[in-house]
2 protein chains.
Amino acid sequence: MKHVTIKDVAKKLNLAISTVSRALNDKYDIRKETRELVLQTAQEMGYSPNPIARHLLKQCSNQIGVVIPEFINAFFPEVIIGIQEVVQKEGYQILIMQSYENAENELENIKTLESNMVDGLIVSLTKETKDVTYLKKLIDNGFPIVIFNRTNELLKTSTVLFDDYKWAFFATEHLILQGCKNIYHFMGTKNLTLSLNRKQGFLDAHKKYKMEVLPSQIIECGFMIHDGEREMEKLIQSKDIPDAIFAANDPSAIGAMKALKRNGYKIPEDVAIVGFTESKVADLIDPPLTSVAQPTNEIGQTAARLLLQQIRLKEGVFVPQTIVLNGALNIRSSSLKKI
Amino acid sequence: MKHVTIKDVAKKLNLAISTVSRALNDKYDIRKETRELVLQTAQEMGYSPNPIARHLLKQCSNQIGVVIPEFINAFFPEVIIGIQEVVQKEGYQILIMQSYENAENELENIKTLESNMVDGLIVSLTKETKDVTYLKKLIDNGFPIVIFNRTNELLKTSTVLFDDYKWAFFATEHLILQGCKNIYHFMGTKNLTLSLNRKQGFLDAHKKYKMEVLPSQIIECGFMIHDGEREMEKLIQSKDIPDAIFAANDPSAIGAMKALKRNGYKIPEDVAIVGFTESKVADLIDPPLTSVAQPTNEIGQTAARLLLQQIRLKEGVFVPQTIVLNGALNIRSSSLKKI
DNA sequence: TATTTTTCCGAAAACGTTTCCGAAAACGTT
DNA sequence: AACGTTTTCGGAAACGTTTTCGGAAAAATA
């Protein structure tokens with residue numbers, strides 16, 4: 001199990017360590033024959049370089065850290081696939097840490113990864129994160145960080161976003177055009193920009209059609225199935241039934257559907273439903289869920305590319321970029337009032 | 001951004017590096033007052049130890065590698081959550097690599113992680129993996145490795161398994177007791193032990209009820225939605241419609257359901273369906289899918305515990321353990337012929 | 001032949017730790 | 001006072017690389 005080191009190879013060939021290193025790294029200053037010799041014996045002895053030693057010397061780790069709030073909904077795993085596709089090709093590895101939607105864990109994770117000398121971070125904030133001073137400090141110090149989807153206005157760094165406003169607008173408009181008069185919005189937690197944007201889209205769509213929105217139509221909800229289920233159950237108990245729901249994401253929409261079906265309401269006849277952040281499930285459930293599709297894979301790839309770009313330019317001037325990706329509204333039967 | 005090192009602290013206090021190190025590590029050989037002093041100034045200067053340097057010296061990285069075939073179905077992410085819950089508490093981090101169900105990638109990933117000095121590996125094999133000599137060599141050399149679910153008989157190391165045979169038997173028996181006479185099995189790829197075990201359960205359940213199984217009743221299928229969809233579509237085209245299907249996992253069952261519904265067949269009236277490896281979706285789709293639930297989180301936790309145990313005992317005698325976890329058959333309407 | 005240039009290689013430093021070894025000082029015992 | 005023991009600290013090696021520097025030998029030039 002003992003690892004063969006460059007030293008072992010050198011000793012075997014009666015060469016200096018530096019010579020072996022040069023041979024392996026294909027540097028100048030080396031005679032062709034010795035290089036061949038070294039390469040061959042290294043191969044035979046099963047030598048493989050020790051990345052840790054190299055990291056120590058180069059002061060970087062060829063690893064990038066990914067900090068995400070959770071791993072349960074399909075969204076983040078899909079983004080990670082995208083990240084990995086880009087990053088792995090370039091010889092980087094990713095360290096993934098979950099924050100479990102908890103701001104303390106998040107801070108802890110970021111610090112751990114930083115002290116582990118990751119070359120950069122890709123982060124999506126917890127729904128509870130309010131204090132971003134540490135992240136801000138890192139960014140101000142020039143540490144490469146890319147944030148996707150869940151961000152905070154204070155963080156001036158490269159960001160990959162989705163046009164939440166636009167697609168929330170379209171989704172709401174779709175419900176209005178279906179003839180819905182009393183649409184409720186299950187919104188995400190308030191301190192995420194995306195929640196505010198989606199709400200604004202909801203509001204502005206109503207404004208376009210001169211429809212008033214009462215405060216009671218907007219319900220702060222979480223992002224999990226049980227959150228949507230809980231809020232819908234509350235509405236049902238208080239006999240306060242809308243004719244449509246625009247949920248901030250698919251799991252909460254699905255939760256609402258579960259509660260409605262359990263209580264004998266028909267979808268979409270009694271209540272039409274539209275979700276957000278298309279998940280694989282949307283197409284499979286009963287009835288199939290109309291939802292805004294986010295390009296999860298592309299989000300990951302873009303974030304990864306931005307990060308690598310930033311890591312590589314090193315001492316140059318860094319200009320934070322914000323890339324807004326496009327989506328689609330997949331209309332299915334959960335929102336089609338008239339067939 | 002420059003990291004504060006132990007050297008900086010030493011210089012500031014006019015102490016030797018070794019003294020500072022001792023203070024920080026709370027070793028003997030140090031006077032109380034100097035220790036306090038060092039600790040305080042280190043804190044003030046924002047010192048944090050450099051893990052990379054420590055890894056180089058200690059010849060281990062406090063990281064464990066996780067190699068999984070894919071990330072798309074919910075199963076593996078859920079297992080990873082379990083792994084992380086255990087591992088993170090003990091100060092370890094995980095490096096996750098996907099093999100994309102490709103044996104070459106898998107080997108590459110394992111080598112990368114190994115040369116990266118991970119302290120151990122948690123692996124679930126690709127469905128294509130046939131040659132396990134490299135893994136075997138690692139295991140024989142005493143490198144800590146735990147395998148879960150997808151294994152290979154040649155690998156003598158700690159393993160976390162699910163009793164595939166037993167639950168496939170129960171699942172099939174359930175269909176037989178529903179009165180199904182012509183049950184097809186969408187089995188997983190042949191070189192995975194779990195596929196063979198599930199098939200055997202299927203066969204033995206038939207044997208118990210003195211029912212014959214024709215070779216045509218067993219169809220080799222993949223693990224993804226589109227695999228099940230494709231195979232079912234083939235059956236429909238050739239008018240070869242069973243009265244029930246026992247699929248090797250949920251996604252392939254769901255694929256079969258999609259194809260059946262598209263072609264106007266009723267579930268469970270025309271074809272009853274049972275899946276395997278309960279996913280969140282099972283409860284949400286139409287009709288809700290009867291499925292064998294695997295304790296994904298527990299699988300991950302157990303694997304992690306076994307690995308940490310093996311890592312820690314170091315030079316002691318290592319006895320590979322195989323832990324078989326229990327599951328449950330969640331019966332839902334997709335398999336209930338008579339209501 | 002003498003001088004310069006080029007080619008090739010070894011020595012050593014560096015990255016940031018930990019730890020072994022030994023030295024100095026403090027202390028206690030005869 | 002002489003000696004042994006303990007406490008406290010500094011020096012240096014080690015982990016495995018890469019890279020700079022310098023020097024010897026070979027080759028090219030004068």
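Note that the structure is a prediction, hence the values are computed from the model and not measured.
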Looking at residues at least two apart in the chain, or sitting in another chain, which of them share a salt bridge (Lys or Arg N to Asp or Glu O under 4.0 Å) with A:Glu101?
A:Arg150
Nucleotide by nucleotide, 5' to 3', does protein get under 4.0 Å of the base (B), only the sugar-phosphate (S), or neither (-) in nucleotides 8-21 of chain D, counting heavy atoms?
BBBBB-BBBBBBB-
Residues at least two apart in sequence or cross-chain that pass salt bridge (Lys or Arg N to Asp or Glu O under 4.0 Å) with A:Glu78, listed by chain then number, are A:Lys280
Output every pair passing salt bridge (Lys or Arg N to Asp or Glu O under 4.0 Å) with a member in residues 33-47 of chain B, not counting sequence neighbours, ordered by first then second residue.
B:Asp26-B:Arg35, B:Arg31-B:Glu33
Secondary-structure notation, DNA chain C, from Watson-Crick and G-U pairs under 3.5 angstrom (| other strand)
||||||||||||||||||||||||||||||
ring-ring contact (aromatic ring centres under 6.0 Å, His included): which pairs involve residues 110-130 of chain A, sequence neighbours left out?
none
Partners of B:Glu90 by salt bridge (Lys or Arg N to Asp or Glu O under 4.0 Å), sequence neighbours excluded?
B:Arg312
Under the salt bridge (Lys or Arg N to Asp or Glu O under 4.0 Å) test, residues paired with A:Lys111 that sit two or more places apart
none
Which donor-acceptor pairs under 3.5 Å do the side chains of residues 47-55 of chain A make with protein atoms, sequence neighbours left out?
residue, atom, partner, partner atom, Å
A:Asn50, OD1, A:Ile52, N, 2.8
A:Asn50, OD1, A:Ala53, N, 3.3
A:His55, ND1, A:Pro51, O, 3.4
A:His55, NE2, A:Pro51, O, 3.4
A:His55, NE2, A:Ser61, O, 3.0

